[in-house]
Protein chains: 2
Amino acid sequence: MRVSLKDVAAHAGVSIKTVSNVVNNYQHVTPAMRERVQRSIDALGYQPNLAARHLRKGRTGIIALALPELGNPYFAELAAAVIDAAAAHDYIVLLDHTGGRREQEILVSQGFRARVIDGLILSPIELEPEDLSDRAEKVPLVLLGERDYDLPYDHIAIDNVAAARTAVRHLTGLGRREVAFIGARRGRSEPAQLRVRGWREELTAAGLPADDGLVAATDGWGHADGAAAMTRILDSGRRPDAVFAYNDPMAIGAMRVLHERGLRVPEDIAVVGFDDVVEGRFGAVTLTSVSPDKEAIGRLAVESVLTRLGGNEVLTEPRRVRADHRLVERESTVGRAAPGGTGQG
Amino acid sequence: MRVSLKDVAAHAGVSIKTVSNVVNNYQHVTPAMRERVQRSIDALGYQPNLAARHLRKGRTGIIALALPELGNPYFAELAAAVIDAAAAHDYIVLLDHTGGRREQEILVSQGFRARVIDGLILSPIELEPEDLSDRAEKVPLVLLGERDYDLPYDHIAIDNVAAARTAVRHLTGLGRREVAFIGARRGRSEPAQLRVRGWREELTAAGLPADDGLVAATDGWGHADGAAAMTRILDSGRRPDAVFAYNDPMAIGAMRVLHERGLRVPEDIAVVGFDDVVEGRFGAVTLTSVSPDKEAIGRLAVESVLTRLGGNEVLTEPRRVRADHRLVERESTVGRAAPGGTGQG
DNA sequence: GTGAAAGCGCTAACAA
DNA sequence: TTGTTAGCGCTTTCAC
């Protein structure tokens, strides 16, 4: 059987409390006593039982992270950032994926799958504001991603409208006149709305067309969806000279279609993605992309959860935190002369 | 405060045990009583405290999954498979990443980071057999990946030697005479050894060269490492007509270098990767790759852990489980005529 | 500075 | 079929 505090106490000839004091680094223990107890701990190979500690303290040391899908490298990299940030605070991360489906997101937000957690970081896709309004769970919830819910939860995101405008401005600055948007969402919710808005605002400001014929809606957000959307636009007879995609996988899928059709990137059509995924740096044509500071997002999300956990949840206003982003220019817009072909920049 | 069994019992006017019976779906409860209790549960919004249950039962309902890195889409997809398989058994997954570094892998295997788990699935890179021999943890451990440790732990993997031979045979079958291997590992451990062995065996059997000049060692296994390795081979003066890479990201990195140098794939150099990552299906040249059955690996790993958990850990021999794999032929070896360009096949 | 004892919420004997 | 109770291993008052 496992050795418990009691065993150690018996072995050292002291009370349970004293052992506990040593284990928890309590201040007022004489060095001699500390060493004596420590010797017993080592001798017996004692390891504290976390379940008991959790039961007693009401904390588990676990936060849950619920992402749409790990297959998208952006989310995989984000998960890595969250895990590291949590580790810095001695927290471990329970991972779940929702497939971006509303019911799953609701279940997760209600703590259905994981009731052993101190907090939850959720990156929703289809979730609607009302789904969160009657949340019974009392563990802190932090939202990630581009949708703005205006609910009493912290929210970490980059400025999606500004980021989209920057991307489009880059294209118009290169002389592109007809910029398509790939990755608007079919159905009721429109998670891409901020990026679509930025796209539209920037084009309108430049006096360029931003009509619906230039927007391709998709069901999902993978390579195949991007390829399908690009195909649809080309088949519609429209011939944009630039494409702004909701994310990198879609941009890469679109580039594949352009390649198959013999259209050159960027000469015939320039392409900009979003997320700055590693994959975009190694294609035959490297991909210009908006690069969110994933590391910061992960860190801020963890800190946000842990702060709420500290107890000021009710007191403090919900915070809207803006993480940084920047545009990384590569071959898909500026051609082979692009600086740092396969590098970071 | 949280509502407990006691509160529900008081509310329903029954004993704690009866509520517990209802919560745990115990057989012998009269329907009337069950409904009455259920009504109180709903009214109070009762949720069982898992920490307490855990303390009592000694089970947490959590298994840990430790992977080298999430950035590699193979591992991300594998993580998704494990999460789904675990969910099917009402288990949730704690995720950790080791960076493929030995010390981290040792810490994880000793349960350092997560002591609240029922079992552990570990995909080691640098871990050495002796690191596991004095494992104090008593929770079941299941190993993933290509290294064969010959230790008393279950091990789920594909037949790497056979897979590598299949890949190389595909290349020689296409008339390639000089097949390089990218992705052997520098340093003491050699996780790629089975794939290198398969590569060597197949070439030797075909009477073709398999000398060290054709093997490029790398520090890591990302796109950049593949690119660097390819560069080194070309700069060495060697001009292979085919490359077999340890994994898809490396193969894609290598293809980028070939592209930059004006070498055509597959005409000048054919390329085969490993893992069949989505990304490989959407490049300018789609990638032929060995496709392991990730879904099966995830499922088998979870089942393996849970079986051991069942208690027969000591009784049963450690199992070596072989998951399936197959070669998916795409443009990087057979050219544009390849069937199913961007599709699954 | 250290010890004794209560109790976190739950499950499982055992009793009724 | 339902109730009573002990105790999982720990932390935490409160004495000493």
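By convention in this document, chain letters (A, B, ...) are assigned in the order of the sequence lines, proteins followed by strands, and residues within each chain are numbered from 1.
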Report yes if a side-chain nitrogen or oxygen of B:Ser20 is closer than 4.0 Å to either non-bridging phosphate oxygen (OP1 or OP2) of C:dT11; otherwise report no. yes
Ignoring backbone atoms, test whether A:Asn21 places a side-chain nitrogen or oxygen under 4.0 Å from the OP1 or OP2 oxygen of C:dG1. no
Interatomic distance, A:Leu55 CG vs C:dG9 P [rounded to whole Å]: 7 Å
DNA chain D: B:Arg56 or B:Tyr26, which has the more 5' nearest nucleotide? B:Tyr26
Starting at atom NE2 of A:His54, determine the distance to atom C1' of C:dC8, rounded to an integer number of angstrom. 13 Å
In chain order, what residues pass the side chain to side chain contact (heavy atoms under 4.5 Å, CB included) check against B:Ala80, with sequence neighbours excluded? A:His97
Test item: A:Glu105 side-chain N/O and A:Pro124 main-chain N/O as donor-acceptor pair under 3.5 Å: no
Distance (rounded to the nearest 0.5 Å) between B:Leu122 CG and B:Leu141 CG: 6.0 Å
When rounded to whole Å, the CG to C1' distance for the pair B:Asn49 and D:dC8 reads 13 Å
Expressed in angstrom and rounded to an integer, what is the separation of A:Arg53 atom CZ from C:dG9 atom C1'? 18 Å
Contact class for B:Val23 vs. all strands (heavy atom < 4.0 Å): base, sugar-phosphate, or nothing? nothing
Which residue pairs satisfy the salt bridge (Lys or Arg N to Asp or Glu O under 4.0 Å) criterion with at least one member in residues 39-56 of chain A, sequence neighbours excluded? A:Glu35-A:Arg39
Under the rule for side chain to side chain contact (heavy atoms under 4.5 Å, CB included), what residues qualify as partners of B:Asp118, not counting sequence neighbours? B:Arg59, B:Thr60, B:Tyr91, B:Leu309
Atom CG of B:Leu5 and atom C1' of C:dC8: how far apart are they, to the nearest Å? 13 Å
Over its full length, what angle do the end axes of the helix from C:dG1-D:dC16 to C:dA16-D:dT1 make, each axis taken from five pairs and the result rounded to 10 degrees? 40°
Could you list by number each residue of residues 9-18 of chain A showing a heavy-atom separation from DNA chain C of less than 4.0 Å, or answer none if no residue does? A:Val14, A:Ser15, A:Lys17, A:Thr18
Determine: side-chain N/O of A:Asn24 to OP1/OP2 of D:dT11, distance under 4.0 Å, yes or no. yes
Would you kindly say whether A:Ser304 and A:Thr307 are connected by a side-chain donor-acceptor distance under 3.5 Å? no
Any residue meeting side chain to side chain contact (heavy atoms under 4.5 Å, CB included) with A:Val302, in chain and number order, not counting sequence neighbours: A:Ile63, A:Val82, A:Ala85, A:Ala86, A:His89, A:Ile121, A:Leu306
A:Lys6 atom NZ is separated from D:dT11 atom P, nearest whole Å, by 15 Å
Please list, chain by chain and in numerical order, all residues satisfying side-chain hydrogen bond (donor to acceptor under 3.5 Å, both in side chains) with A:Ser123, sequence neighbours excluded. none
Partner set under side-chain hydrogen bond (donor to acceptor under 3.5 Å, both in side chains) for A:His155, not counting sequence neighbours: none
Whole-Å gap separating C1' (D:dG9) and NZ (A:Lys57): 14 Å
Mind calculating the distance between OH (A:Tyr46) and P (D:dG9) to the nearest angstrom? 10 Å
Interface residues of residues 32-44 of chain A with DNA chain C (non-hydrogen, below 4.0 angstrom): A:Met33
Can you name the residues that form a side chain to side chain contact (heavy atoms under 4.5 Å, CB included) with A:Arg322, not counting sequence neighbours? A:Asp159
All N/O donor-acceptor pairs, side-chain side in residues 65-74 of chain A, below 3.5 Å, sequence neighbours left out:
from	atom 1	to	atom 2	distance (Å)
A:Asn72	OD1	A:Tyr74	N	2.8

Partner set under side-chain hydrogen bond (donor to acceptor under 3.5 Å, both in side chains) for B:Asp324, not counting sequence neighbours: none
